[in-house]
Amino acid sequence: QVRLVESGGGLVEAGGSLRLSCAGTDRSFSNFAMGWFRQAPGKERDFVAVITWNGGRILYADSVKGRFTISRDNAKNTVYLEMDSLKPADTAVYYCAARRLYDAALHTSAAAYNTWGQGTQVTVSS
């Protein structure tokens, strides 16, 4: 299976930007839809964005639409999450997730993803 490693988290002031990266470890990366999820302390893991294997279709959570951009570079086995206009409510551990292409749907449930990275902390100060 593909293994995922997130990076790029950190501390940023409200209104600032961060770019997260999620690197896959083998060439099967292109056979997966890739999603980003986040989990704040004491809360459940929530959907952020998902992208199909070739980047042709993208879906965002309403809370990040217009501020976050998901993209992928299959040649580098990497998916990105560009986060702009960050808010304190965006503070969470961000996880990269992979779903094998069993169907063409864009899944927003964490239960639909079987492979996860270790997470990277994003903290937005007010």
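Note that OG of S126 and NZ of K87 are 14.0 Å apart. Values are rounded to the nearest 0.5 Å. Taken to the nearest 0.5 Å, the CZ atom of R100 stands 14.5 Å off from the OH atom of Y113. Here the CE-CG distance, from M83 to L18, works out to 4.5 Å after rounding to the nearest 0.5 Å. Expressed to the nearest 0.5 Å, how far CZ of F32 lies from CG of N74 amounts to 11.5 Å. One finds the CG atom of D84 at 6.5 Å from the OG1 atom of T69 (value rounded to the nearest 0.5 Å). Once rounded to the nearest 0.5 Å, the distance linking OG of S30 with CG of N54 reads 10.0 Å.
Using modelled atom types and a 3.5 Å distance limit, the side chains of T78 and D73 yield no donor-acceptor pair.
Linking Ile, Leu, Val, Met, Phe, Trp and Tyr whenever their side-chain heavy atoms come within less than 4.5 Å puts V48 and M34 in one cluster. Follow the hydrophobic side-chain contacts under 4.5 Å out from F37 and you never reach F68; the two are in separate clusters. Cluster membership check: V50 does not share its hydrophobic cluster with L81, using side-chain heavy-atom separations under 4.5 Å among Ile, Leu, Val, Met, Phe, Trp and Tyr.
Closest approach of L4 to C22, counting heavy atoms only: CB-SG, 3.8 Å. Considering every non-hydrogen atom in both A14 and P88, the closest pair reads CB-CD, 4.1 Å.
For the pairing with Y94, the side-chain hydrogen bond (donor to acceptor under 3.5 Å, both in side chains) check across Q121, R38, Q39 returns one residue only, R38.
Residues E82 and S71 fail the side-chain proximity criterion, which asks for heavy atoms closer than 4.5 Å. The side-chain heavy atoms of L20 and T120, taken from C-beta on, include a pair separated by under 4.5 Å. Taking 4.5 Å as the limit, some side-chain heavy atom of V79 sits within range of a side-chain heavy atom of I70.
E6 places a side-chain N or O within 3.5 Å of a backbone atom of G119 that can act as its donor or acceptor partner. Of the possible donor and acceptor atoms, none in the side chain of T91 sits under 3.5 Å from a partner among the backbone N and O of T123.
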Handout entry: Check against side chain to side chain contact (heavy atoms under 4.5 Å, CB included), D90 and R67
Key = CA-CA 11 Å; D90 296 319; R67 300 188 298 118; 2.8 Å; yes
Practice task
Please test S125 against V12 for side chain to side chain contact (heavy atoms under 4.5 Å, CB included), starting from the C-alpha separation and ending with a verdict.
Solution key: CA-CA 6 Å; S125 62; V12 65; over 6 Å; no
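Ring centers of W36 and F47: at least 6.0 Å apart, outside the cut-off.
Taking the six-membered ring where the residue is Trp, Y95 and W116 present perpendicular rings, their angle passing 60° and hence far from 30°.
A salt bridge links K65 with D62: at least one charged nitrogen is closer than 4.0 Å to a carboxylate oxygen.
At least one test fails for R72 against the ring of Y80: distance under 6.0 Å to the centre or angle within 45° of the axis.
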